[in-house]
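Report on the structure given below.
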Amino acid sequence: MMHRRDLLKLTAVAGAAGVLTLDTVTFAHADGPARPGAEESRKVTGRLPVGAPDFVYLPVDVPRGVREIAVSYTYDRPAVPPGTPGNACDIGVFDERGTDLGGAGFRGWSGGARTEFAIAADRATPGYLPGPVRPGTWHVCLGPYTVAPQGLAYEVTVTLRYGAPGTTPRPVYPPQRAKGRGRAWYRGDNHLHSVYSDGLRTPAQIAAAARAAGLDWITTTEHNTTSAHGAWEGLWGADLLILTGEEVTTRNGHVLALGTDPGTFVDWRYRARDNAFGRFARTIRRAGGLVVPAHPHATCVGCNWKFGFGEADAVEVWNGPFTPDDEVAIAEWDNALVAAVRGGGRWLPAMGNSDAHREPQTIGLPQTVVHAEDLSRPALLAAIRAGHSWIAESSAVRLSFEVTGGRGARAGIGERLRVDHDARVTARLEVSGVPAGCTASFVTDQGRLLTAPVPPDGRLEWRTTPSYAAYVRAEVRRPAEGGDPAGVPGPMVAMTNPVFLGRE
């Protein structure tokens with residue numbers, strides 16, 4: 001057993017980079033390969049103090065002839081006072097190509113979802129990438145997410161298994177296009193987790209649930225790993241398009257790398273103060289994806305979005321069953337719409353996704369409904385970026401929304417109705433499949449200007465001018481808590497992106 005000094009004595013080593021590197025683990029066969037079938041292990045123990053670096057690297061010298069590297073770890077969970085975070089420690093690994101930010105060495109991450117993993121050429125634990133175990137210095141990466149006042153005592157065991165390497169399978173990635181219905185509205189859930197990160201559903205279970213929910217497409221977005229990109233073979237079809245992505249899970253918020261090229265890894269090892277996010281936002285866009293901050297006002301540790309929205313292509317304002325977090329996110333998004341109108345700047349479209357991990361969390365609650373040229377990755381992402389979309393709690397909800405003016409002028413969701421400043425315009429909402437007792441609202445840059453019960457035929461109209469409303473969008477909600485329409489609005493059932501009014 002190898003012991004590490006108390007890390008309270010090593011705080012100077014951590015420096016400002018938020019990284020600590022421990023002593024290197026070596027094995028008996030460093031000078032030559034062991035006989036096939038041999039196995040040897042090393043155990044490392046230590047303690048991390050409060051204020052430990054974000055990432056602690058354990059170098060491992062891997063000799064020639066290794067068939068598989070396996071790692072297990074444990075850490076203590078002492079009792080803590082109410083309101084004080086306890087111990088939580090993530091884990092992953094980088095191979096001999098190094099730990100450089102955004103480098104090629106990434107081989108997998110399971111966060112806190114697993115206590116052990118293994119990597120070989122022909123297989124790997126979900127969350128990790130199969131491939132040769134080449135000689136050189138690998139790095140087991142510990143991520144002490146929160147540390148109790150007593151510190152975090154850890155134990156890491158590294159096992160090397162010797163023998164002939166297997167053959168690495170070539171990943172089979174989903175196609176970029178499905179049959180679809182031509183130019184139409186398509187329903188998608190773009191924030192999902194499986195057993196390849198911290199979810200409990202298999203890809204097959206997710207695909208079946210997506211079909212049952214009436215979805216046309218989904219995006220796989222595991223935390224900090226691309227290992228699920230090749231796990232969907234046989235699960236797509238003419239009726240279901242599967243896009244690849246990642247939930248980039250930093251200490252200062254989560255962002256969806258939505259619809260990136262299969263196999264694209266986006267690093268997460270930075271905070272807002274490091275000024276690194278712009279680099280990785282560009283990585284996402286170069287890989288053909290969208291940058292979508294997720295649940296920006298979630299209350300979990302590290303979930304609250306701190307990077308600003310200057311690099312975003314859209315924002316997830318509704319995450320799972322509707323909660324006060326979503327209410328705050330929508331209010332912030334709406335304020336940003338007003339700022340964009342006032343300054344003539346770019347506006348961010350809103351999205352909604354389930355973030356479903358396990359039963360009974362519902363895939364497709366909510367879902368983003370997108371008006372796209374066809375059911376393909378380029379068309380869907382272009383429509384999301386343009387804001388040609390609305391959000392629904394389920395596929396039972398149907399909605400149409402447009403604004404019309406004189407001489408046949410009309411504009412749909414995400415578009416601009418180019419009419420004179422004082423022209424009379426009419427906003428028309430038609431909705432069906434919503435629960436009984438719902439209300440519909442027309443919301444502008446002044447706020448909620450009309451709220452009325454959804455009538456039996458689901459049709460509502462409201463008239464205004466561009467001088468009075470710079471944009472108008474629609475919401476459908478359940479009854480307010482306590483039945484007070486003047487109080488806090490009820491839970492969302494559906495909401496649209498805006499239609500902008502007037503000439504630019």
Side-chain angles (χ1 to χ4, degrees), residues 2 24-44 57-74 90-100 103-143 155-173 194-199 202-204 220 222-234 244 246 262-265:
M2 304 177 68
T24 301
V25 175
T26 59
F27 288 81
H29 296 90
D31 296 328
R35 61 179 175 79
E39 178 179 302
E40 55 182 336
S41 298
R42 295 287 184 271
K43 186 178 290 184
V44 176
Y57 293 103
L58 176 62
V60 178
D61 273 350
V62 176
R64 289 178 290 120
V66 174
R67 173 181 60 84
E68 182 179 74
I69 180 171
V71 177
S72 64
Y73 83 123
T74 63
D90 295 344
I91 196 167
V93 71
F94 294 79
D95 66 19
E96 85 289 346
R97 290 171 290 183
T99 62
D100 289 347
F106 174 76
R107 289 297 292 270
W109 188 255
S110 50
R114 287 185 169 77
T115 59
E116 58 186 31
F117 63 85
I119 297 174
D122 55 349
R123 64 186 182 276
T125 301
Y128 295 81
L129 305 178
V133 182
R134 292 178 290 262
T137 301
W138 288 51
H139 288 82
V140 175
C141 179
L142 297 177
E155 179 181 290
V156 180
T157 301
V158 181
T159 299
L160 302 183
R161 301 184 176 108
Y162 295 86
T167 301
T168 303
R170 184 170 182 172
V172 178
Y173 295 131
S194 75
V195 295
Y196 282 81
S197 60
D198 61 344
T202 64
T220 172
E222 308 295 356
H223 293 283
N224 296 344
T225 182
T226 60
S227 65
H229 287 190
W232 300 85
E233 187 174 5
T244 54
E246 178 185 340
T264 299
F265 168 63

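FYI, the numbering just counts along the sequence from 1.
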Nearest 0.5 Å please: distance from the [atom1] atom of [X] over to the [atom2] atom of [Y].
{"X": "Thr225", "Y": "Asp198", "atom1": "OG1", "atom2": "CG", "value": "11.5 Å"}
{"X": "Glu116", "Y": "Thr157", "atom1": "CD", "atom2": "OG1", "value": "10.0 Å"}
{"X": "His223", "Y": "Trp109", "atom1": "NE2", "atom2": "CH2", "value": "12.0 Å"}

Under 30°, 30 to 60°, or over 60°: which ring-plane class applies to Phe106 and Phe265, parallel, tilted or perpendicular?
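Rings of Phe106 and Phe265: parallel, under 30°.
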Relative to the ring of Phe117, is the ring of Tyr128 parallel (under 30°), tilted (30 to 60°) or perpendicular (over 60°)?
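Parallel, since the angle between the ring planes stays under 30°.
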[X] side-chain N/O to [Y] backbone N/O, donor-acceptor pair under 3.5 Å:
{"X": "Ser41", "Y": "Thr159", "result": "no"}
{"X": "Arg107", "Y": "Gly131", "result": "yes"}
{"X": "Arg97", "Y": "Ala104", "result": "yes"}
{"X": "His229", "Y": "Gly263", "result": "yes"}

Restricting to non-hydrogen atoms, name the atom on [X] and the atom on [Y] that form the minimum distance, rounded to 0.1 Å.
{"X": "Gly136", "Y": "Glu96", "value": "CA-CB, 3.9 Å"}
{"X": "Ala121", "Y": "Pro130", "value": "O-CB, 3.7 Å"}
{"X": "Gly111", "Y": "Tyr73", "value": "O-OH, 3.6 Å"}
{"X": "Tyr162", "Y": "Arg64", "value": "CE2-O, 4.0 Å"}
{"X": "Pro203", "Y": "Ala231", "value": "CB-O, 3.7 Å"}

With the side chain counted from C-beta on, respond yes when [X] and [Y] share a heavy-atom pair under 4.5 Å apart, and no when they do not.
{"X": "Thr115", "Y": "Thr74", "result": "no"}
{"X": "Asp95", "Y": "Arg134", "result": "yes"}
{"X": "Thr244", "Y": "Thr220", "result": "yes"}
{"X": "Thr168", "Y": "Pro132", "result": "yes"}
{"X": "Asp100", "Y": "Phe94", "result": "no"}
{"X": "Val195", "Y": "Arg114", "result": "yes"}
{"X": "Val93", "Y": "Trp138", "result": "yes"}
{"X": "Pro165", "Y": "Arg67", "result": "no"}

If the test is side-chain hydrogen bond (donor to acceptor under 3.5 Å, both in side chains), which one of Ser110, Ser227, Ser194 qualifies with Glu222?
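The single option meeting the side-chain hydrogen bond (donor to acceptor under 3.5 Å, both in side chains) with Glu222 is Ser194.
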Check Thr26, Thr137, Thr24 against Asp61 for a side-chain hydrogen bond (donor to acceptor under 3.5 Å, both in side chains) and give me the one that passes.
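So the option named by the test is Thr137.
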Which residue in the set Val140, Ile91, Val71 passes side chain to side chain contact (heavy atoms under 4.5 Å, CB included) when paired with Leu58?
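Among Val140, Ile91, Val71, the one that satisfies the side chain to side chain contact (heavy atoms under 4.5 Å, CB included) with Leu58 is Val140.
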Between Thr226 and Glu246, do the side chains contain a donor N or O and an acceptor N or O under 3.5 Å apart?
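There is no such pair (donor and acceptor under 3.5 Å, judged by atom type) between the side chains of Glu246 and Thr226.
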